*Asks:* 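This structure is in structure tokens; I'll ask about it shortly.
Because only heavy atoms are used, hydrogens play no part in the values below, and waters and symmetry mates are left out as well, while side chains stay in. Nothing here was measured: the structure is a model prediction, and the numbers come from that model.
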Amino acid sequence: MPIPASSGLIPLTEAVHELGAELLGDRIWNQYHCWPVYSKFFDNLGPLPHHIHHKEEHAKLVGERGKPECYYFPPQLNNHGGHFPFTFFGFEPGTTKEQVKECLMNFTKGDNKITNISKAYRLEPGTGWDVPPGVLHAPGSLCTYEPQVASDVYAMWQSLVDDQLIDESLLWKNCPKNKIGDFDYLISNMDWELNIDPEFAKHRFMRPVENIQKTEGCIDKWVCYKSQAVSAKELTVLPGQSAVVKDAAAYGLIMMQGHGTLNGMPLETPSLIRYGQLTNDEYFVSEQAAKDGVKIVNESSCDPIVMLKHFGPENPDWHFQFSV
């Protein structure tokens with residue numbers, strides 16, 4: 001039910017706490033008792049440091065969760081590539097753990113040159129990448145939509161990036177106190193085989209894949225689909241068309257293009273947002289509403305509605321299309 005702005009703002013976390021399974025469905029609520037994922041955008045002008053998100057077993061040592069994440073580069077937000085539209089992933093095949101450890105031990109000696117043993121891939125709007133925990137990555141400068149598990153564990157392994165020094169404390173971030181200074185412990189955080197995979201791009205790069213469950217009046221594509229932990233779709237409703245779109249799980253959505261209505265509620269892509277201003281570009285759809293189907297009406301005769309939708313773990317629709 002829509003809540004009038006005059007009633008005050010209610011954070012999604014409070015809505016989840018209050019409604020529980022009524023909002024998320026029994027499957028998600030009974031296992032996690034929260035919405036265990038979220039999506040964000042990052043739009044850095046230059047590259048980010050080569051860094052790692054801890055695997056589940058290492059994250060648990062500091063009371064956190066591991067962090068699977070995935071990237072999609074929306075064409076609507078990427079008319080300019082920034083200063084460095086390339087992302088380093090992992091390490092060149094043939095790299096040894098000893099070489100990586102040497103870079104880490106040189107962290108406080110200036111540029112530790114860790115990207116010298118890595119490999120960069122040019123980023124392409126309208127595509128994406130899957131980044132499992134334990135894989136080193138230095139994101140490039142395209143505006144990035146990032147569905148991820150709700151965790152922020154990381155450690156920065158690159159000491160100098162874009163002429164900026166990285167503080168040594170970030171090398172040991174989310175590290176148990178008794179392991180600070182233990183470079184072998186840092187090395188154990190890696191998923192080594194994934195980092196040196198000679199077919200990394202084949203296994204982790206994602207082009208959109210059309211949903212095999214068709215809906216009249218729209219184009220539904222999976223844009224993040226190589227992880228069971230989190231997935232995402234790009235939905236396009238054609239000009240002047242309407243569509244009743246069904247999904248098997250709750251999801252959050254954000255508009256990229258166009259305007260219309262969502263179950264009678266305003267749906268808009270803002271061109272300018274002032275600080276503190278409410279917008280009609282984001283909605284959260286409960287599991288039951290998703291199963292019943294939401295009606296999306298495109299009120300434009302020439303502009304498509306394009307939205308991105310992120311889903312939580314073990315999405316039944318994901319299993320239907322991608323499980324082997």
*Asks:* So do the side chains of Ile296 and Val245 get within less than 4.5 Å of each other, counting heavy atoms only?
*Replies:*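 Counting from C-beta outward, Ile296 and Val245 do come under 4.5 Å.
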*Asks:* Would you say Trp222's side chain and Cys224's backbone share a donor-acceptor pair under 3.5 angstrom?
*Replies:*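 Answer holds: no.
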*Asks:* Do Asn315 side-chain atoms and Phe311 backbone N/O form a donor-acceptor pair below 3.5 Å?
*Replies:*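 Here the side-chain-to-backbone pair does not exist.
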*Asks:* With a 4.5 Å heavy-atom cut-off, do Val153 and Arg65 have their side chains touching?
*Replies:*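 Result no, sub-4.5 Å side-chain heavy-atom pair not found.
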*Asks:* Any salt bridge (Lys or Arg N to Asp or Glu O under 4.0 Å) involving residues 97-106? Give me the pairs, sequence neighbours left out, ordered by first then second residue.
*Replies:*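 Salt bridge (Lys or Arg N to Asp or Glu O under 4.0 Å) check on residues 97-106 returns Lys101-Asp184.
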*Asks:* Hey, could you give me the CD/CZ distance between Glu124 and Arg207, rounded to the nearest 0.5 Å?
*Replies:*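 CZ of Arg207 is found 4.0 Å from CD of Glu124.
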*Asks:* I'd like to know whether NE2 of His203 has more than 12 heavy-atom contacts from other residues, nucleotides or ligands below 6.0 angstrom.
*Replies:*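 Correct, the count exceeds 12.
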*Asks:* Compare all side-chain heavy atoms of Gln148 with those of Val37 and state whether any distance is below 4.5 angstrom.
*Replies:*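 SC-SC contact between Gln148 and Val37 ruled out.
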*Asks:* Could you tell me whether a side-chain N or O of His137 sits under 3.5 Å from a main-chain N or O of Pro139, the two making a donor and an acceptor?
*Replies:*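 No; zero donor-acceptor contacts below 3.5 Å.
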*Asks:* Does a donor on one side chain sit under 3.5 Å from an acceptor on the other, for Glu64 and Asn174?
*Replies:*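 No.
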*Asks:* Checking Thr261 side chain against Pro266 main chain: does a donor-acceptor pair fall under 3.5 Å?
*Replies:*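 Answer holds: no.
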*Asks:* Quick check: do Thr215 and Gln213 have side-chain heavy atoms less than 4.5 Å from each other?
*Replies:*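 They are not in contact (no side-chain heavy atoms under 4.5 Å apart), so the answer is no.
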*Asks:* If you round to the nearest 0.5 Å, how far is CG of Leu186 from CH2 of Trp157?
*Replies:*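 Trp157 CH2 to Leu186 CG: 6.0 Å, rounded to 0.5 Å.
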*Asks:* Can you list the steps and then say if Leu194 with Arg204 is a side-chain contact (heavy atoms from CB on, under 4.5 Å)?
*Replies:* CA-CA 10 Å; Leu194 288 185; Arg204 305 266 74 90; 3.8 Å; yes
*Asks:* Just by distance, with hydrogens left out, do Gln288 and Asp292 show a side-chain donor and acceptor under 3.5 Å apart?
*Replies:*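 There is such a pair between these side chains.
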*Asks:* Given Ile117 and Cys103, is the side-chain contact (heavy atoms from CB on, under 4.5 Å) satisfied, shown in steps?
*Replies:* CA-CA 9 Å; Ile117 54 175; Cys103 290; 4.0 Å; yes
*Asks:* Can Leu123 be reached from Phe88 by stepping across I, L, V, M, F, W or Y side chains whose heavy atoms are under 4.5 Å apart?
*Replies:*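 No, Phe88 does not connect to Leu123 through the hydrophobic network.
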*Asks:* What is the distance from atom CG of Leu171 to atom CE of Met105, rounded to the nearest 0.5 Å?
*Replies:*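 Leu171 CG to Met105 CE: 11.5 Å, rounded to 0.5 Å.
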*Asks:* For Tyr72 and Trp129: C-alpha separation, side-chain torsions, deciding distance, then whether ring-ring contact (aromatic ring centres under 6.0 Å, His included) applies.
*Replies:* CA-CA 7 Å; Tyr72 178 65; Trp129 291 84; over 10 Å; no
*Asks:* Using a 3.5 Å distance criterion without hydrogens, assess whether the side chain of Gln99 forms a donor-acceptor pair with backbone atoms of Thr96.
*Replies:*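 A pair under 3.5 Å: yes.
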*Asks:* Looking at every non-hydrogen atom in both residues, tell me the closest pair between Ile254 and Tyr145 and how far apart they are.
*Replies:*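 Heavy-atom minimum between the residues: CG2-CE1, 4.3 Å.
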*Asks:* Is the backbone of Pro270 close enough, under 3.5 Å, to the side chain of Glu268 for a donor and an acceptor to pair up by distance?
*Replies:*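 Absent.
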*Asks:* Show the nearest heavy-atom pair for residues Ala21 and Asp26, with the distance to one decimal.
*Replies:*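 Reported closest heavy-atom pair: CB-OD1, 3.2 Å.
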*Asks:* Measure the shortest side-chain to side-chain distance between Pro68 and His53 over non-hydrogen atoms and say whether it is less than 4.5 angstrom.
*Replies:*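 A side-chain contact is absent here, since even the closest heavy-atom pair is not under 4.5 Å.
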*Asks:* Can you name the salt bridge (charged side-chain N to carboxylate O under 4.0 Å, His left out) partners of Lys177, sequence neighbours left out?
*Replies:*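 Scan of Lys177 (salt bridge (charged side-chain N to carboxylate O under 4.0 Å, His left out), adjacent residues dropped) gives none.
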*Asks:* Indicate if Val285 and Met265 have the same hydrophobic cluster label, given that clusters are the connected sets of ILVMFWY residues with side-chain heavy-atom separations under 4.5 angstrom.
*Replies:*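 As far as the 4.5 Å side-chain criterion goes, Met265 and Val285 are connected within one cluster.
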*Asks:* Do Met190 and Leu170 share a hydrophobic cluster, counting only Ile, Leu, Val, Met, Phe, Trp and Tyr and linking them when any side-chain heavy atoms are less than 4.5 Å apart?
*Replies:*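 Same hydrophobic cluster.
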*Asks:* Would the distance check show the side chain of Asn298 and the main-chain N or O of Gln241 forming a donor-acceptor pair, the cut-off being under 3.5 Å?
*Replies:*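 No, the answer is negative, given that no donor and acceptor are paired below the 3.5 Å cut-off.
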*Asks:* Check the pair Leu77, Asp43 against side-chain contact (heavy atoms from CB on, under 4.5 Å), reporting the backbone distance first and the verdict last.
*Replies:* CA-CA 9 Å; Leu77 304 182; Asp43 191 16; over 6 Å; no
*Asks:* For Ser118, does its backbone N or O pair with a side-chain atom of Thr115 as donor and acceptor, under 3.5 Å?
*Replies:*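 A pair under 3.5 Å: no.
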*Asks:* Do His58 and Ser188 meet the criterion of a side-chain donor-acceptor pair at a distance under 3.5 Å?
*Replies:*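 Side chains of His58 and Ser188: pair found under 3.5 Å.
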*Asks:* So, taking the atom named NZ in Lys233 and the one named CG in Leu253, what distance separates them when rounded to the nearest 0.5 Å?
*Replies:*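 One finds 12.5 Å between NZ of Lys233 and CG of Leu253.
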*Asks:* Are Ile187 and Met156 connected in a single hydrophobic cluster, I mean Ile/Leu/Val/Met/Phe/Trp/Tyr linked by side-chain heavy atoms less than 4.5 Å apart?
*Replies:*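 The answer is yes; both residues are in one hydrophobic cluster.
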*Asks:* Identify the heavy atoms of Pro36 and Pro313 that sit nearest to each other, and give their distance.
*Replies:*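 Looking at all heavy atoms of both residues, the closest pair is CG-CD, 3.6 Å.
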*Asks:* Counting only heavy atoms from other residues, nucleotides and ligands, does the tally under 6.0 Å from NZ of Lys214 exceed 12?
*Replies:*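 Count over threshold, so yes.
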*Asks:* Taking the side chain as every heavy atom from C-beta outward, state whether Leu235 and Lys309 have any atom pair closer than 4.5 Å.
*Replies:*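 The answer is yes, as the side chains (C-beta and beyond) meet within the 4.5 Å cut-off.
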*Asks:* Indicate the ring-plane relationship of Tyr154 and His51, choosing parallel, tilted or perpendicular according to the 30° and 60° boundaries.
*Replies:*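 Taking His51 first and then Tyr154, their aromatic rings stand perpendicular (interplane angle over 60°).
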*Asks:* Checking Asp247 against Lys291 for the side-chain contact (heavy atoms from CB on, under 4.5 Å) test, could you report, in this order, the C-alpha distance in whole Å, the side-chain angles of both residues, the deciding distance, and whether it holds?
*Replies:* CA-CA 5 Å; Asp247 289 280; Lys291 289 180 176 179; over 6 Å; no
*Asks:* Would you call Phe320 and Ile212 a side-chain contact if the rule is heavy atoms closer than 4.5 Å?
*Replies:*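 Result yes, sub-4.5 Å side-chain heavy-atom pair found.
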*Asks:* Using the rule that two of Ile, Leu, Val, Met, Phe, Trp, Tyr join whenever any of their side-chain heavy atoms come within less than 4.5 Å, decide whether Leu142 and Phe41 are in one cluster.
*Replies:*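 Cluster IDs for Leu142 and Phe41 differ.
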*Asks:* Between Glu56 and Gly66, is there a donor-acceptor pair closer than 3.5 Å when you use the side chain of the first and the backbone of the second?
*Replies:*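 Between the backbone of Gly66 and the side chain of Glu56 there is a qualifying donor-acceptor contact (under 3.5 Å).
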*Asks:* Within the distance-only criterion (no hydrogens, no angle test), does the side chain of Ser286 pair as donor or acceptor with the backbone N or O of Ala289 below 3.5 angstrom?
*Replies:*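 Checking the backbone N and O of Ala289 against the side chain of Ser286, a donor-acceptor pair under 3.5 Å is found.
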*Asks:* Counting only heavy atoms not in Lys221, do more than 12 fall under 6.0 Å of its NZ?
*Replies:*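 Open.
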*Asks:* As an exercise, state the distance from CG of Leu278 to CG of Leu9, rounded to the nearest 0.5 Å.
*Replies:*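 With rounding to 0.5 Å, CG (Leu278) is 5.5 Å from CG (Leu9).
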*Asks:* Using the salt bridge (charged side-chain N to carboxylate O under 4.0 Å, His left out) criterion, which residues pair with Lys40? Sequence neighbours excluded.
*Replies:*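 For Lys40 the salt bridge (charged side-chain N to carboxylate O under 4.0 Å, His left out) partners, ignoring immediate neighbours, are Glu146.
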*Asks:* For Cys175 and Val62, work out which heavy atoms get closest and say how close.
*Replies:*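 Taking Cys175 first and Val62 second, the nearest heavy atoms are C-CG1, 4.0 Å.
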*Asks:* So, for Pro47 and Phe84, which heavy atoms are closest and what is the spacing to 0.1 Å?
*Replies:*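 Taking Pro47 first and Phe84 second, the nearest heavy atoms are CD-CB, 3.7 Å.
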*Asks:* Does atom NE2 of His17 have more than 12 heavy-atom neighbours, drawn from other residues, nucleotides or ligands, at distances under 6.0 Å?
*Replies:*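 No, the 6.0 Å shell around NE2 holds no more than 12 heavy atoms from other groups.
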*Asks:* Angle class for the Tyr71/Phe73 ring planes (parallel below 30°, perpendicular above 60°, tilted otherwise)?
*Replies:*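 Taking Phe73 first and then Tyr71, their aromatic rings sit tilted (interplane angle of 30° to 60°).
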*Asks:* Whether the Asn106 and Asn112 side chains hold a donor-acceptor pair (N or O, under 3.5 Å, no angle test) is what I'd like checked.
*Replies:*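 The answer is no; no qualifying pair exists.
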*Asks:* Do the side chains of Phe205 and Phe89 get nearer than 4.5 Å, heavy atoms only?
*Replies:*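 When only atoms from C-beta onward are counted, Phe205 and Phe89 do not touch, as no gap falls below 4.5 Å.
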*Asks:* Crowded around Gln277 CD? As in, over 12 foreign heavy atoms under 6.0 Å?
*Replies:*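 Counting neighbours around CD of Gln277, more than 12 heavy atoms of other residues, nucleotides or ligands fall under 6.0 Å, so yes.
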*Asks:* Give a yes or no on whether the ring-centroid distance for Trp172 and Phe107 is below 6.0 angstrom.
*Replies:*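 So the answer is no for these two rings.
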*Asks:* Please report the interatomic distance OG(Ser242) to CD1(Ile305), rounded to the nearest 0.5 Å.
*Replies:*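 Here the rounded value is 10.0 Å.
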*Asks:* Could you tell me whether Glu22 atom CD has more than 12 heavy atoms of other residues or ligands within 6.0 Å of it?
*Replies:*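 No, the 6.0 Å shell around CD holds no more than 12 heavy atoms from other groups.
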*Asks:* I need the minimum non-hydrogen distance between Ile166 and Pro49, along with the two atoms involved.
*Replies:*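 That closest heavy-atom pairing would be CD1-CG, 3.7 Å.
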